[in-house]
Structure formats: C-alpha cells, structure tokens
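The structure appears below as structure tokens.
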Amino acid sequence: MKKPVASSRFKINMLLILMTVFCFSLSAFRYYISDTKVFLFLNWNLFLAWIPLLLSSFILAFNIKSKISLIFIIIVWILFFPNSPYILTDLFHLRARNSVPIWYDLIVILSYVWTGLICGFISLNDIEKSLSEYGKRNSINAVIIFFLFMSSFGVYLGRFLRWNSWDVLNNPFGLFSDIVVRFIYPLEYTKTWGVTVLMGIMLNFMYFTFKWVETNNDRELKLEK
C-alpha cells in the first residue's frame, strides 16, 4: 500500500480497535454491575466479524496478485463475512431486565452492531478494490451485490437454523442439505427468502451509502491538495 493509503488505513484500524475496546468495556461493566453473562457472547460475535477484515487487510498489505491465492482467501472470506451483518440480529436479545436499564443494553448492542458492520464494510471495500483489477466496474458491482445477498442468506442460516462458519468443516453435509432444499422448494421456505431478499436490499443500501461517503471524502481531500 502507498504511504497516504497506509496512513489512512492505520487510522481506520486504530479507530476500530478503540471501538472494539469500548464495546468490550460496556459488556464487562454490565457483567460487573449485574453479575450476569447475558451479553458476553457479543464479544465472540465481534471477534468473528473482525476475521473478514483481517483477511482482506492481508490481501492489501502483502499486495497479493496470484489469482489462486486471491481466490482461496476470498472463499475463506465469504465464509466469515456474514458474521458482520449477523450482529444486527443480536437486537433480538433486547428486552427489559431488572438488573440493567434497557437503554444501557440498547447502547451495548448497537455499539457491537456498528463496529461489526464497519469491519464488514471495510473488508468488502477491500475485496472490491482487489477484484477491480480483474473486471469492469459494472461486473465488480454485480459481484459485490451478490456477496451482500449471499451474506444475508448466511445470516438467515446462522440466526434461524443455528449454522455457523465452522460447520463448513464440522458438518458440511447437514449444512449443504439445508441449503439445497431451500433452492429446490423455494415456495416452502418463504421466511428464508423473505429474510434474504429484504436484508440483502438493506445491506446493499447501507454498503453503497458507506462507499459513496468514502469516495466523496477522497475526492474532497484531493481537491484540497
């Protein structure tokens, strides 16, 4: 990476680390005052959301050009990328509890959601930049849109069927069976496709808004120079 880009990336990474520390502090304080482990699982979910970012950062940091290596890393990246938007569904756990005010729990969950999503969107942007050398802009956009819908399907598998990224190795046949049956009999699984399509649309709006803001900021910086 060039120096200006590396400097900018360093600042983003530091901000994400601070955000992650803030999230951990919120959950640790909650555990301290309530003596319950209700939201400690969010730390694991956020760790999983960091994995796609670590993988995409590896591609950029080492300027990987080998198509075989790039394809392999992206395949692994695809398996973990749904963990980023998956944190959105942790809002399901928000409800009034006697030990801690609900407003505090809302801040806890939203902090993890925001940090996880930013990790995911930055990693997706990294992948987009890596693929831009191998295809036209419209083709790359189509691939990114596909990735976002695929991640929505992954969120469904994780939240409602309780599959996770590791099950590709732990129980590939069971996972494959649950996926295939939904493609063969789509009308029998309206919930699957409702979640996938609507969340996919939402994530596309969110990501391309994120990307537009980043691109617009880059243009303004260039004009200032």
pair I140-Y134: side-chain heavy atoms closer than 4.5 Å = no
Decide yes or no for M19 and F24: does some side-chain heavy atom of the first lie under 4.5 Å from some side-chain heavy atom of the second?
-> no
Mind checking whether W77 and F147 have ring centres under 6.0 Å apart?
-> yes
Output all residues satisfying salt bridge (Lys or Arg N to Asp or Glu O under 4.0 Å) with D167, sequence neighbours left out; order by chain, then residue number.
-> none
What salt bridge (Lys or Arg N to Asp or Glu O under 4.0 Å) pairs are there with at least one residue in residues 110-126, not counting sequence neighbours?
-> R9-D126
Between S130 and I59, which heavy-atom pair has the shortest distance, and what is it?
-> OG-CG2, 3.4 Å
I51 versus F81: any side-chain heavy-atom pair under 4.5 Å?
-> no
Evaluate the criterion side-chain contact (heavy atoms from CB on, under 4.5 Å) for residue pair V38 and Y31; output intermediate values, then yes/no.
-> CA-CA 8 Å; V38 175; Y31 173 71; over 6 Å; no
So, F183 versus W193, ring centres under 6.0 angstrom or not?
-> yes
Linking I/L/V/M/F/W/Y whenever any side-chain heavy atoms sit under 4.5 Å apart, do I71 and I73 land together?
-> no
L79 versus N83, closest heavy-atom pair with distance | O-ND2, 4.3 Å
Could you tell me which non-hydrogen atom of N43 sits nearest to which non-hydrogen atom of S27, and how far apart they are?
-> ND2-OG, 3.2 Å
Measure from the ring center of W166 to the ring center of F80 and say whether it is less than 6.0 Å.
-> yes
Of the non-hydrogen atoms in I102 and R95, which two are nearest, and what is the gap between them?
-> CD1-C, 3.8 Å
Ionic contact status for R30 with D105, cut-off 4.0 Å | yes
More than 12 foreign heavy atoms under 6.0 Å from CZ of F41: is that the case here?
-> yes
Minimum heavy-atom separation for S69 to I64, with atom names?
-> CB-CG2, 3.9 Å
Taking the six-membered ring for Trp, are F47 and W44 ring centroids under 6.0 Å apart?
-> yes
Please confirm whether Y185 and Y189 have ring centers closer than 6.0 angstrom.
-> no
Do N45 and D90 have side-chain N/O donor and acceptor atoms under 3.5 Å apart?
-> yes
Audit row: S111, I107, side-chain contact (heavy atoms from CB on, under 4.5 Å) steps and yes/no | CA-CA 6 Å; S111 296; I107 292 172; 4.0 Å; yes
Could you please spell out the steps behind the side-chain contact (heavy atoms from CB on, under 4.5 Å) verdict for K67 and L70?
-> CA-CA 5 Å; K67 288 186 179 180; L70 192 61; 5.6 Å; no
Kindly indicate whether the side chain of L124, heavy atoms from C-beta on, has any atom under 4.5 Å from the side chain of K129.
-> no
E188 meets the salt bridge (Lys or Arg N to Asp or Glu O under 4.0 Å) criterion, sequence neighbours left out, with none
Same cluster (ILVMFWY, side-chain, under 4.5 Å), L15 and F22 | yes
For K65, what residues pass the salt bridge (Lys or Arg N to Asp or Glu O under 4.0 Å) criterion, not counting sequence neighbours?
-> E133
G154 backbone acceptor or donor facing Y86 side chain under 3.5 Å = no
Quick one: which residue pairs count as a side chain to side chain donor-acceptor pair (under 3.5 Å) with a foot in residues 147-157, not counting sequence neighbours?
-> Y156-T192
Closest non-hydrogen atom pair between L53 and C119, with its separation = CB-O, 3.9 Å
Cluster overlap I75 with L131, hydrophobic side-chain contacts below 4.5 Å = no
Quick one: which residue pairs count as a salt bridge (Lys or Arg N to Asp or Glu O under 4.0 Å) with a foot in residues 70-79, not counting sequence neighbours?
-> none
Can you tell me if W50 and S84 form a side-chain donor-acceptor pair at under 3.5 Å?
-> no
